[in-house]
Amino acid sequence: MNSSIESIKTTDSATTVQTARSLRGLYFARTAFSVIWVILISVFVKTNSSITAILFIIYPAWDVIATYWDIKANPPHVSKTPQYVNMVIGILTTIGVALALQKGVPAALIVFGVWAIVTGLIQLILGLRRRKELGGQWPMIISGGQSTLAGSVFIAMAKSPTMGISNLAGYSAFGAFYFLLAAIRLSKTIKGFEKAA
């Protein structure tokens, strides 16, 4: 009986380490994407509206891909409802931004604002849930709360498109910072489980 318990513990530990490694990879990828996106949006926002529009559409589309990666990173027994909801919202946002851009940047910023609020709440919920199992989720919790607040700012700034776009770049930069912190923290979690094994 004791050997069975030890076997279960070892399996659970191995699953947790695998999940942590997958999420760490995802967080590093999200950091890199956000940094590149911020650089590109900063370069083209005042010089090329077509590329800026494409970047607007790419941002939520990338989030859909990253959320799919997040789903794959989790063990089968873990509920993935928040991620599936997030994917649907990301797809709708991508379509919404593409349509809103036909009316102008202010409309697109409003769509971004609503998206940031909803996805921020989802990220906050996921961070709180994962904190018990993986630890090191405080950057994701803070980021989720900040995203919710930033969404309100995007909506308020929609009448000043240049200011709104600048805020959007800042939002993405902060997101990169929080994903980087979470990835580094997960590295500590992985080392802790490996030492205990």
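We're numbering straight along the sequence, starting at 1.
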- Trace of the side chain to side chain contact (heavy atoms under 4.5 Å, CB included) decision for Ile122 with Ile89: CA-CA 11 Å; Ile122 292 170; Ile89 291 168; 3.8 Å; yes
- Check the hydrophobic clustering (I, L, V, M, F, W, Y; side-chain heavy atoms under 4.5 Å; chains of links allowed) and say if Val64 and Leu121 are grouped together. no
- Query: Should Phe33 and Ile36 be counted in the same cluster of Ile, Leu, Val, Met, Phe, Trp and Tyr side chains packed under 4.5 Å apart?
  - Reply: yes
- Distance-only polar pair, side chains of Tyr171 and Gln146, donor-acceptor under 3.5 Å: no
- Task: Check whether any side-chain heavy atom of Leu40 sits under 4.5 Å from a side-chain heavy atom of Ile51, and report yes or no.
- Result: no
- Message: Please list all pairs meeting salt bridge (Lys or Arg N to Asp or Glu O under 4.0 Å) that have one or both residues in residues 68-93, counting only residues at least two apart or in different chains.
- Response: Asp70-Arg130
- Do other residues, nucleotides or ligands put more than 12 heavy atoms under 6.0 Å from Phe28 CZ? yes
- Message: Please tell me whether Leu26 and Phe177 are part of a single hydrophobic cluster in this structure, the criterion being side-chain heavy atoms less than 4.5 Å apart.
- Response: yes
- Could you tell me whether the side chain of Ser172 and the main chain of Leu168 form a donor-acceptor pair under 3.5 Å? no
- Task: Can you see which heavy atom on Gly151 is nearest to which on Ile117, and at what distance?
- Result: CA-CG1, 3.8 Å
- For Ala20 and Leu186, which heavy atoms make the closest approach, and how far apart are they? O-CD1, 3.8 Å
- Query: Are any non-hydrogen side-chain atoms of Ile155 and Val114 less than 4.5 angstrom apart?
  - Reply: yes
- Under the 3.5 angstrom rule, does the side chain of Thr148 hit a backbone N or O of Gly144 as a donor-acceptor pair? yes
- Query: Measuring from Thr67:OG1 to Trp62:CH2, what's the distance to the nearest 0.5 Å?
  - Reply: 9.5 Å
- Message: Listing request: all side-chain hydrogen bond (donor to acceptor under 3.5 Å, both in side chains) pairs with a residue in residues 95-117, at least two apart in sequence or in separate chains.
- Response: none
- Please step through side-chain hydrogen bond (donor to acceptor under 3.5 Å, both in side chains) for the pair Thr119 and Asn86, ending with a clear verdict. CA-CA 6 Å; Thr119 56; Asn86 197 41; 4.9 Å; no
- Quick one: sort the Phe179 and Tyr27 rings into parallel, tilted or perpendicular, breaks at 30° and 60°. tilted
- Taking the six-membered ring for Trp, are Phe56 and Phe112 ring centroids under 6.0 Å apart? yes
- Looking at Ala108 and Leu101, what are the two nearest heavy atoms and their distance? CB-CD2, 3.6 Å
- Task: Rounded to the nearest 0.5 Å, what's the gap from CG on Leu55 to OG on Ser50? Could you check?
- Result: 11.0 Å
- Mark yes or no for whether Thr31, through its side chain, and Leu180, through its backbone, hold a donor-acceptor pair below 3.5 Å. yes
- Could you give the distance from CD (Gln18) to CG (Leu23), rounded to the nearest 0.5 Å? 10.0 Å
- What pair of heavy atoms forms the shortest contact from Val38 to Ala173, and how long is it? CG2-N, 3.6 Å
- Got Leu126 and Gln83 here, is their nearest side-chain heavy-atom distance under 4.5 Å? yes
- Closest non-hydrogen atom pair, Pro75 against Thr15: CG-CG2, 3.5 Å
- Is there a chain of hydrophobic side chains (I, L, V, M, F, W, Y, each step under 4.5 Å between heavy atoms) that links Ile58 to Val105? yes
- Task: Sequence neighbours left out, what passes salt bridge (charged side-chain N to carboxylate O under 4.0 Å, His left out) with Arg30? Give chain and number order.
- Result: Asp63
- Message: Using modelled atom types and a 3.5 Å cut-off, is there a donor and acceptor pairing between side-chain atoms of Ser147 and backbone atoms of Ala116?
- Response: yes
- Item | Backbone N/O of Phe44 and side chain of Thr52: donor-acceptor pair under 3.5 Å | yes
- Query: Are side-chain heavy atoms of Tyr84 and Tyr68 found at a separation under 4.5 Å?
  - Reply: no
- With a 4.5 Å limit on heavy-atom distance, are the side chains of Arg24 and Arg21 in contact? yes
- Looking only at heavy atoms, the pair that brings Ala176 and Val35 closest together is CB-CG2, 4.1 Å
- Same cluster (ILVMFWY, side-chain, under 4.5 Å), Val118 and Ile141: no
